[in-house]
Amino acid sequence: MNRFEQFGLSPEILRGIHEMGFEEPSPIQDACIPAVLRGEDVIGQAQTGTGKTAAFGIPVLERVDPRQPVVQSIILAPTRELAIQVSDELRKIGRPKRVKTLPIYGGQSIGTQIKALKQGVHVVIGTPGRLLDHLRRGTLSTDHVEMVVLDEADEMLDMGFIDDIEAVFRHLPAQRQLLLFSATMPSPIRHLAQKYMRKPRYITVSRGEVTVPLIRQVYYRVLESTKVDALSRILDSEEVELGIIFCRTKKGVDELAEALQVRGYLAGGLHGDLAQPQRDRVMNAFRSGEIELLVATDVAARGIDVGSVSHVINYDIPQDVESYVHRIGRTGRAGKEGTAITLVTPREMKQLRTIEQETGVRLNPRELPSLEEVAARQQGTWMTQIEEVIREGSHSLFEEMAARLLEKFSPEKVVSAALSVAFSDRFAKFDSGYNFGETGAAPGMVRFFLNVGRNANLNPQELSKAISEHAGISPRQVGKINIYDRFSFVEVPEDVAPFVYEALRQSKINGSRINMEPARPRGKQESRA
Ligand code: ADP
Ligand code: MG
């Protein structure tokens, strides 16, 4: 018996949950579902991505009577996107029970919505303004509404919907169960709850308890110019069995799918511009395992139904947290382990930190496999190539040269030097696109100037801790630090310098806004500052 079964849900709803691939209730679901089923007013607080939708959605769907073609529940959501997202999730869970859901929002023709409402909808998910519009026109009846939900209440308040929400409440029957879900609980929300809820039960799930604990979330620092190469190294070292790779654009999907195919990966691209038969072909190949890597845009991936994949790779970092959670939710389903990998360029370091803050999940930095590791892995391939040349005897051109070199050096020296000439292009040092110039740092390091010093209570431990936290490097990698009254200097290794620079400039340390610039060789900057 899985833990969803312990809630005493009907078989249809359990089937819907099973089809979603939910193995276990998340903590917020565990706590909220029984209370809501008992009929209590509930305030649920948990960070983004913890499964709040199903926490209220499952009991709402459980209580709907599908034989009555009337609206039995109204859910308020802040935006069109969220209304659609919630409606989709409830439609899927409620499908075996034949529950009809409908999102309504501004921007869409009201006539269309009126027609849809007339067709017998059970659950309406709407933005406050548009809901109010229908209530005033009498095109949405609340006579049979038993459950009302405020979803993402903090966002609705931020967007200035408080008056609309209260106006919606005035249309509701006196006897109804009210649920409120939110990531944060600012005081206007508490007031709202006091005013409209009956002895609400306050349920909160603390940070750190994420919906999807089986997902390992990691990131790699990569450079824009060598992303494909970095991805190949990752694909080889992570042993990706079945993965979805997300790109920002359709063009990006085409280019990456092709680049991967050229490198011998079983990859296929999927995006909205492909004709349906083409899309079907790619999806069938992916389901049958003919393709192991599906390269897709967010939109294209949204519509597809695949079981759990072993890896989700954010080749391009997602633009918002919702999309991050959505993407990584494609792995680790049905109790399987999953890995979510995000590639982060220097300029995207800030975006990474925002995702971490909003999900409350810390992503672990991983180092790209070193050239030594790549070489070790390639050894077999290279040796086979050489053995083939020897068998075919196609090296006669070089025999005289070999003889002359062997007069001067040992065979080991000659062969390894020749190999390094032959394969050295794979070891090319990549240009980061950042040129910090001469900074007066130790060899292999870059020295940065910071516009704060002892005046901001800065000390070396704190500075190296801040750098290591912001840029995801070990504090041990931070080099020499000099702290003066009103400014400081710090050295970091060349390869991480662009990441440190982008992550720290215009950030805050000890509450002081800092600015960071490459240092100029000794003497010049000190006198300026
Ligand atoms: P929130 O509203 O708390 O930000 P969502 O309800 O949007 O979070 O859920 C985030 C993701 O987690 C969704 O993709 C959802 O389908 C998935 N999810 C929800 N509950 C579970 C569960 N019990 N097991 C696995 N995945 C879940
Ligand atoms: Mg939500």
Side-chain angles (χ1 to χ4, degrees), residues 2-7 9 13-14 16-33 42-61 75-95 103 125 127 149-156 158 179-185 203-215 217 244 246 298 301-302 304-309 312 318 320-338 340 355 357-361:
N2 80 30
R3 282 178 27 234
F4 278 115
E5 287 169 37
Q6 293 169 359
F7 297 134
L9 298 164
I13 295 298
L14 285 175
I17 294 171
H18 180 76
E19 278 164 23
M20 286 296 288
F22 296 176
E23 176 91 332
E24 304 249 273
S26 70
I28 190 79
Q29 292 163 3
D30 236 345
C32 289
I33 293 173
V42 167
I43 302 175
Q45 181 187 0
Q47 73 217 48
T48 305
T50 49
K52 294 192 289 294
T53 311
F56 61 78
I58 289 171
V60 161
L61 293 167
I75 297 165
L76 287 82
T79 62
R80 167 181 177 270
E81 286 70 30
L82 285 168
I84 294 174
Q85 213 170 299
V86 170
S87 177
D88 279 351
E89 183 146 335
L90 298 203
R91 183 171 45 79
K92 284 186 197 147
I93 300 175
R95 189 181 286 146
I125 302 96
T127 49
V149 185
L150 293 181
D151 188 23
E152 313 288 356
D154 50 357
E155 277 194 52
M156 284 200 284
D158 283 348
L179 311 173
L180 185 155
F181 284 80
S182 194
T184 59
M185 216 40 75
I203 294 172
T204 177
V205 166
S206 57
R207 294 197 153 256
E209 292 182 74
V210 285
T211 321
V212 267
L214 294 170
I215 299 183
Q217 297 174 54
I244 301 182
F246 284 95
D298 285 283
R302 204 163 294 152
I304 61 172
D305 176 33
V306 286
S308 190
V309 297
V312 163
D320 52 53
V321 179
E322 298 289 333
S323 148
Y324 179 77
V325 171
H326 222 94
R327 286 180 180 186
I328 70 166
R330 297 251 161 208
T331 183
R333 290 192 173 183
K336 293 206 190 96
E337 280 184 32
I355 290 174
Q357 264 163 25
E358 291 187 29
T359 57
V361 178

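Bear in mind the structure is a predicted one, so any value in this text is a computation, not a measurement. Counting convention: from 1, in listed order, for ligands and their atoms alike.
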Spatial distance of atom CD (E5) from atom CG (L14) [nearest 0.5 Å] | 5.5 Å

Side chains of M185 and I43 in contact at under 4.5 Å (non-hydrogen atoms) | yes

Taking all heavy atoms of P78 and all of E155, pick out the closest pair and write down the distance.
-> CG-CB, 3.9 Å

Among the heavy atoms of S26, does any lie under 4.0 Å from an atom of ligand 1?
-> yes

Does any non-hydrogen side-chain atom of H18 lie less than 4.5 Å from one of F4?
-> no

Mind checking whether G51 has an N or O less than 3.5 Å away from an N or O of ligand 1?
-> yes

Could you tell me whether the side chain of P25 reaches within less than 4.5 Å of the side chain of F7, counting heavy atoms only?
-> yes

Please could you name the atoms of ligand 1 that E24 approaches to less than 4.0 Å, counting only its heavy atoms?
-> 22 (C), 23 (N), 24 (N)

Please say whether H326 places an N or O atom under 3.5 Å from an N or O atom belonging to ligand 1.
-> no

Side chain proximity check, I75 to F181, heavy atoms < 4.5 angstrom | no

Which one holds for I28 and ligand 1: side chain close, backbone close, both close, or neither close, with close meaning a heavy atom under 4.0 Å?
-> neither

Identify, by atom number and element, the atoms of ligand 1 in contact range of E152, meaning under 4.0 Å from any of its heavy atoms.
-> 2 (O)

Spatial distance of atom CE (M156) from atom CD (E152) [nearest 0.5 Å] = 8.5 Å

To the nearest 0.5 Å, how far apart are CD1 in I328 and CD in Q217?
-> 3.5 Å

If you leave out waters, which protein N, O or S atoms are less than 2.8 Å from the Mg ion (ligand 2)?
-> E152 OE2

OG on S87 to CZ on R91, rounded to 0.5 Å = 6.5 Å

T53 neighbourhood, listing ligand 1 atoms whose heavy-atom distance to it stays under 4.0 Å = 2 (O), 5 (P), 6 (O), 7 (O)

Looking only at heavy atoms, what is the nearest atom pair of A153 and L180, with distance?
-> CB-CD2, 3.9 Å

Counting from 1 in the order shown, the ligand 1 atoms closer than 4.0 Å to a non-hydrogen atom of V325 are 10 (C), 11 (C)

Going by heavy-atom distance to atom 15 (C) of ligand 1, choose the closest among E89, Q85, M20.
-> E89

